[in-house]
Amino acid sequence: MTAGLDTVALVLLTIISAATPLLFAAVGELVVEKSGVLNLGLEGMMLMGAVCGFIAAVVTGSAALGVMAAAAAGMAMALVFAFLTLTLLANQVATGLALTLFGVGLSSLLGLDYVGFPVEALPKVAVPLLSQVPFFGPLLFNHDALVYLSVAMVVAVGWFLGRTRPGMVLRAVGESHHAAHAIGHNVVLVRYLAVLFGGAMAGIGGAFLSLSYTPMWAENMTAGRGWIALALVVFASWRPGRALAGAYMFGGITILQLHAQGLGADIASQYMSMLPYLVTVLVLVLISRDTYRAKLKAPACLGRIFHPAA
Amino acid sequence: MKTTLKILTAALSALLAFTLTLTPAAAQDLKIGFVYVGPIGDHGWTYRHNEGRRAIEQALGGRVETTFVESVSEGQDAERVIRKLATEGNGLIFTTSFGYMNSTIKVARQFPEIKFEHATGYKRAANVSTYIGRFYEGRYVCGRIAGRMSKSGVVGYVASFPIPEVVRGINAFMLGMQSVRPDARIKVVWVNSWYDPGKESDAAKALIDQGADIIAQHTDSPAPLQVAESRGVFAFGQASDNRAFAPKAHLTAIINDWAPYYIDRARAVLDGTWEKSDVWGGLATGMVAMAPYNNDLMPRDVINDARNIEEAIKHRRLHPFAGPITRQDGTLAAAKGETLDDKTLLSMNWYVRGVEGKLPN
């Protein structure tokens, strides 16, 4: 019986770690989109976070510095995006795609000397007492710091957007940038900050991959997770709580399909592998249809360029 | 306007002169070009090909000069790169991925005096040879070791794509394991990718959760090894010696060693004895080798047994696919005394008995 429980706990643990990088990137992008900016460069920012976090952790020997470097790398990428789209008013979709391609290339270049370099995984932080509780203890209270942080960020972002004044300003900017501008809010500054926050979160999500999930650097190691995170935001209809649920569901599908194969389920593995991406495509199709936007509660100014009225 | 043009021409010619000085004078007897599908730092497939290239430089020193182009995608890009290498005066060109097959043949037709070597393909021409390793021999040795080292008798196999090369590896592993442990079972998870560290590690975790106490892989990242290390089970490395990633899990690895073949072929071109060929080299020719056995983890008798099996395969006293072999569906693939021929091996699309699950087709 305990053995069975242990297995269930192990599977759930795997799902949690599969969901964590998605959750970081999705929560960051959620804030960005709430401010009315669509940044498709998640994959590129995650990769830069993964490689810079890894290099910093190897060079300094400190995982904490690694995570900080990852956040900084993500922010640096986001800053490029913000400058191009918010200051120079470039097209957000094209710039975001370029950011992804740029991130893939640049991260490969930076990581050239670090491929195949082993590093210590992030240490687990057991919550005293609680981690001793059978089943739930190891499941919920014995993770590395980033897992706790990802959940804390969901709560924090939910509180920020729903309960604080700056959060409401951010939403106002996303819903109607002209109105927000008219009553004296600095639209461009708010969006800059939101985009930078999104970059930091994507960077940390990448660092979770290279420092905890599979502690190593490998070219293109995010393998499409940035795109899934992007879909998750829409899937969650821009609500942090739903993003959490969505990330764990996506993680769950990925892991359970592997288990189904191991148990000899008679479903072609190709279909199972497709599943998370299929949902992603569907959701991305929905996001691009105007009529669905209102129903999905998309920020009204999402992806629109803001010209301050002359 | 005129001055701009003048400056532009001047700049261009300066640039041209600069690039010309960068190209070294052709003092060598032979220039050799390589086309790689991945980065040379992938610690797997491409890394090993690049080691082969370096071995040529070491062995033939001043007589040859080598260049390579890495991360060349399969398709139009490949043709362009191969043609460029051909026009740059390379006398021998290695194209090291299956997907370069048609491009190699096409360019080879236009440059009949240049020799081409294409890895893992099946199309040949007067100036195009093919070569591939009998990696299944190494997998048989791994299976044999797994049979001696496993407590549960269940192996978890992280697989890439259901192509004959991979299926052959799974079957060879199983036959090796069954030779010492008839009740052996293999659980296979297909990740449908050659390289996705996250997914490979998830697959390894799922397999361990389902009772596997040995992990084998036919994907290119060391992620499954890391999972084995952290969960305290044993594992085998892929393509390179990856012991650094998992010192307490890595038993051995199958190493692709192209060096002897590459040196041979380069020498043949220098001597003017190069001829079109189709080489499928194994442990005997050194194209496939076993990484040092981990003697911190493996008892002496297991290591000795593995070495004996290696020798037996090398000297053709043992063939991994010698009968009797029963398919998963119970039919006989080879009777006692029979051995599967290369043609059957190259198109293998069925599991042997003991492998669980259905082969996706």
Side-chain angles (χ1 to χ4, degrees), chain A residues 3 6-15 17-18 21-22 50 105 108-109 111-119 121 124 208-210 212-225 251 254-274 276, chain B residues 38-44 46-47 70-71 154 156-159 161-162 185-193 195-212 220-227 229-231 240 242-247 355-361:
Chain A
D6 283 350
T7 310
V8 172
L10 280 172
V11 174
L12 292 175
L13 271 178
T14 316
I15 292 177
S17 59
L22 297 175
S108 309
L109 182 68
L112 219 49
D113 294 334
Y114 293 89
V115 177
F117 218 91
V119 70
K124 299 263 183 264
F208 181 79
L209 285 174
S210 66
S212 169
Y213 199 50
T214 50
M216 63 171 175
W217 163 249
E219 238 177 67
N220 219 345
M221 70 185 297
T222 50
R225 285 178 183 77
T254 322
I255 302 303
L256 290 179
Q257 68 102 346
L258 297 173
H259 272 276
Q261 278 194 52
L263 291 171
D266 193 10
I267 309 171
S269 65
Q270 288 91 337
Y271 290 118
M272 308 263 241
S273 303
M274 259 191 268
Chain B
I40 57 170
D42 70 353
H43 265 244
T46 293
Y47 172 76
E70 59 181 335
S71 298
V154 181
Y157 208 106
V158 182
F161 293 99
R185 289 154 63 200
I186 293 184
K187 285 173 179 286
V188 185
V189 168
W190 299 94
V191 296
N192 294 307
S193 169
Y195 195 76
D196 180 345
K199 211 160 170 204
E200 290 170 50
S201 98
D202 289 341
K205 285 178 195 162
L207 288 162
I208 295 169
D209 290 344
Q210 291 182 13
D220 290 342
S221 95
L225 283 169
Q226 290 181 319
V227 171
E229 176 92 356
S230 71
R231 291 283 181 95
S240 293
N242 278 329
R243 191 164 164 180
F245 285 96
V355 181
E356 296 187 353
K358 208 177 130 204
L359 178 62
N361 268 323

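So that the names make sense, note that chain A is the first sequence line, chain B the second, and so on, each numbered from 1. Model, not experiment: these values are computed from the prediction.
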Under 4.5 Å from any heavy atom of chain B - which part of A:A18: side chain

What distance do B:L207 atom CG and A:Q261 atom CD have between them, rounded to the nearest 0.5 Å? 9.0 Å

Sub-4.5 Å side-chain heavy-atom contact between B:D209 and A:T14: yes

Nearest heavy-atom pair of B:K187 and A:G262: which atoms, and what distance? NZ-O, 3.3 Å

Shortest non-hydrogen contact from A:S17 to B:K205? OG-NZ, 3.7 Å

Below 4.5 Å from any heavy atom of chain A, which atoms of B:V189 appear? Answer side chain, backbone, both or neither. both

Point-to-point distance, once rounded to the nearest 0.5 Å, from CG of B:N242 to CE of A:M216: 9.5 Å

B:A203, B:A244, B:G198: which one forms the most heavy-atom pairs within less than 4.5 Å of chain A? B:G198

Validation row: B:S221, A:M221 side chains within 4.5 angstrom (heavy atoms): no

Name all residues meeting the salt bridge (charged side-chain N to carboxylate O under 4.0 Å, His left out) criterion together with A:E219; count only those two or more places apart in sequence or in a different chain, and write none if there are none. none

Okay, A:P21 and chain B: the region with an atom under 4.5 Å from a heavy atom over there is neither

Pick one of side chain, backbone, both or neither for A:I15, based on which atoms fall under 4.5 Å of a heavy atom in chain B. neither

Nearest non-hydrogen partners of B:K199 and A:Q257, listed with the distance: CE-NE2, 3.7 Å

If you define the side chain from C-beta out and look only at heavy atoms, does anything of A:T214 sit under 4.5 Å from B:E200? no

Out of B:Y47, B:Y157, B:F245, which one racks up the most heavy-atom pairs below 4.5 Å with chain A? B:F245

Kindly write out the residues that satisfy side chain to side chain donor-acceptor pair (under 3.5 Å) with A:S210, not counting sequence neighbours, or none if the list is empty. none

